[in-house]
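Here's the structure, in structure tokens; my notes come after.
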Amino acid sequence: MPGRPEGFEFGERGREVVVLHHGRRATVLRGARAREFLEDVERGDPQELMARVTGNYRRGNERQAREHPRNRG
């Protein structure tokens with residue numbers, strides 16, 4: 001599948017979850033968000049989930065927006 005998120009990893013540090021993207025810290029989740037994240041990782045695609053919590057994911061409408069008459073230049 002093209003555009004699939006990759007390069008994410010996470011680690012737990014006490015009660016925090018640190019999400020890294022290509023080795024650099026992307027976000028830190030604390031409290032309820034950290035607990036929910038750990039539960040969701042067990043059920044779904046961890047790469048997709050980490051991309052969503054960091055805001056670093058494709059929304060699927062890039063090509064459509066580029067071809068819109070207003071954006072053609």
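Model, not experiment: these values are computed from the prediction.
- Residues G44 and P46 come closest through the heavy atom pair O-CD, 3.2 Å.
- F37 CZ to E42 CD: the interatomic distance, rounded to the nearest 0.5 Å, is 10.0 Å.
- Looking only at side-chain heavy atoms (C-beta outward), V28 and V19 stay at 4.5 Å or farther from each other.
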- Take H22 and F8, measure what side chain to side chain contact (heavy atoms under 4.5 Å, CB included) needs, and give me the verdict at the end. CA-CA 6 Å; H22 295 294; F8 289 99; over 6 Å; no
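- Under 4.0 Å is where a charged nitrogen must lie from a carboxylate oxygen, and between E16 and R13 at least one such pair does.
- Residues H21 and T54 have side chains not in contact (no heavy-atom distance under 4.5 Å, counting atoms from C-beta outward).
- Checking L38, V53, L29, T27 one by one against F10, the side chain to side chain contact (heavy atoms under 4.5 Å, CB included) holds for a single residue, L38.
- Ionic pairing of R35 and E39 is not present here: no N-O contact between side-chain nitrogen and carboxylate oxygen is shorter than 4.0 angstrom.
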